[in-house]
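Everything below concerns the one structure shown next.
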Amino acid sequence: MAQYQSVKGTRDIFPEEAAQWRVVERVVRTLAATYGFGEIRLPHFEYTELFQRSIGSTTDIVGKEMFSFLPDPNGRSITLRPEMTASVMRAALQHNLFSLAPVQKLFYIGELFRKERPQAGRQRQFTQFGAELLGASSPAAVAEVISLMMQVFASLGLTGLKLRINTLGDSEDRQRYREALQTWFAPFHDCLDDASKERLEKNPLRILDSKNPAMQELMAGAPRLYDYLKASSLEDFEKVLFYLEERNITYDIDHRLVRGLDYYCHTAFEVTTTALGAQDAIGGGGRYDALARELGSSVEIPASGFAVGMERLLITMEKQGLLAATPHDAPLVYVVVQQQDLADHGMQLAWRLRNAGIATEIDLAGRSMKAQMREANRMRASYALFLGAAEYATGNYALKNLATSEQTTLTLGAVMQFLREVATKRGSDI
Ligand code: HAM
């Protein structure tokens, strides 16, 4: 039993799994570039008010799930970021990016922190990749971010994902709807659970998000936001759906989808998978035109974006058998030293190979030749390069292909050239 344990809700990722992460990250980076999004890297903590003002103080994230602390007794409270959208907008406003170009397209891959009860697919430290399109308020911008997200899924080979989509209208639509909800629920007040009572009072829309089956049953008869939308809001939503259809992106309209963050307006969406059990959301996003003003901007900066949970994505890929073909970090060549007095020469040889960009392994523990061969096979090295007295004297080395057992004798220059070519053909995966 280990003396030290990692904190509950966190995970350690070892090299083989890290290689799988890199496959996903590479697809994200390539497609983000294809769609014209540049990478943004942000601090892991921000002033607490940033999240209170953006995500909303009555949400679960702000109310219960933030890791907040005081850096010093008189300092301002700081919070480990529970999501990225607010930080992206904060950074864009702070650095006045909009004076350079009115539309900013940014993507990220980063760690987030939420004090949720850990369970499969739900962690206290997790990772998201996502994209934010700032400065363009249109159904086209929403369709753009949804398309990028869905193309990442498709490129990774994922199937059976469900895109649920809804419109939350503009702030006037929602105000009328909030009042309608409060009026409709008033006679049922005593039937509501405590959480729903609180939501009805503070944030009525979130009442629709209840997971309690009794509440869901009650909700079935409640008014729908859709029926409170003005014509322009409906038109906006129809246009988003039109773009999705044009791109063969299938979706389900879900009038109950409100999402757990308050900054959304108009389109909101979520992608779910059956592979995850209770934590079925793999990604989500929407439009958030009012966020910039909430953060102090004097002008409105309309925006939309999405984020996908990396861990949940990888669990889904594993369940769908999509991780098997992932390349691992095997060395290309293992230098096998046949006698111990050549160990220093072996080290020098390995250094020269590595210096030429060839992934090389060598024994550092003075093990027998047999043990070195066993290790080379365990590491799944492609080649073994033998160093014995004859090789040292003549400068000609025996290179063995460990898959076919074919062996050739070459000068060191020829070995290096050959291995370089193999490495180039395979492509580097660093
Ligand atoms: P979110 O729905 O809170 O949205 O999170 C997006 C995704 O992050 C979820 O669908 C899920 O896959 C993953 N996730 C969330 N919490 C956890 C957790 N505790 N453990 C593991 N995975 C988790 C946002 O964060 C918004 N910022 C999305 C967005 C971007 N909206 C506009 N732009």
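All ligand and atom numbering here is 1-based and tracks the order in the structure.
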Among the heavy atoms of G121, does any lie under 4.0 Å from an atom of ligand 1?
yes
Taking the six-membered ring for Trp and the full ring for Phe, Tyr or His, determine whether the centres of F269 and Y251 are under 6.0 Å apart.
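Distance test on ring centres: not under 6.0 Å, no.
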Under 4.0 Å from a heavy atom of [X]: give me the atoms of ligand 1 that qualify, with their elements.
X    : result
E116 : 16 (N), 17 (C), 18 (C), 19 (N)
L261 : 3 (O), 4 (O)
G284 : 28 (C), 29 (C)
E83  : 25 (O), 26 (C), 27 (N)
Y264 : 26 (C), 28 (C), 29 (C), 31 (N), 32 (C)
T85  : 26 (C), 27 (N), 29 (C), 30 (C), 31 (N), 32 (C), 33 (N)
G305 : 30 (C), 31 (N), 32 (C), 33 (N)

Do R124 and E116 sit within salt-bridge range, that is, some charged N less than 4.0 Å from a carboxylate O?
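Salt bridge: no.
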Assess whether a salt bridge exists between E17 and R11, defined as any Lys/Arg side-chain N lying under 4.0 Å from an Asp/Glu carboxylate O.
yes
Below 4.0 Å, non-hydrogen atoms only: which portion of [X] touches ligand 1? Side chain, backbone, both or neither.
X    : value
I282 : backbone
E132 : side chain
Y263 : side chain

Look only at interatomic distance and state if G283 has a nitrogen or oxygen under 3.5 Å from any nitrogen or oxygen of ligand 1.
yes
Identity and separation of the nearest protein heavy atom to [atom]:
atom                    : value
atom 13 (C) of ligand 1 : G309 CA, 3.7 Å
atom 9 (C) of ligand 1  : A281 O, 4.0 Å
atom 5 (O) of ligand 1  : Q128 NE2, 3.1 Å
atom 20 (N) of ligand 1 : Q123 N, 2.9 Å

Are [X] and [Y] close enough that some pair of their side-chain heavy atoms sits under 4.5 Å apart?
X    : Y    : result
Y177 : D227 : no
M310 : V24  : yes
I165 : F237 : yes
D170 : K230 : yes

Measure the CD-CE distance between E111 and M84 for me, rounded to the nearest 0.5 Å.
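Going from CD on E111 over to CE on M84, the span is 8.5 Å.
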Using atom types as modelled and distance alone, determine if a side-chain donor or acceptor of R90 lies under 3.5 Å from a backbone N or O of L50.
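Not a single qualifying donor-acceptor pair exists.
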R76 to Y47, cation-pi by 6.0 Å centre distance and 45° axis angle:
yes
Compare F126, F269, F129, F306 and give the one whose heavy atom is closest to atom 14 (N) of ligand 1.
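Ranked by closest heavy atom to atom 14 (N) of ligand 1, first place is F126.
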Counting heavy atoms only, which of R114, R259, R122, M310 is nearest atom 3 (O) of ligand 1?
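It is R114 that holds the nearest heavy atom.
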Which atom pair, heavy atoms only, marks the closest approach of M89 to L291?
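Residues M89 and L291, closest heavy atoms: CB-CD2, 4.0 Å.
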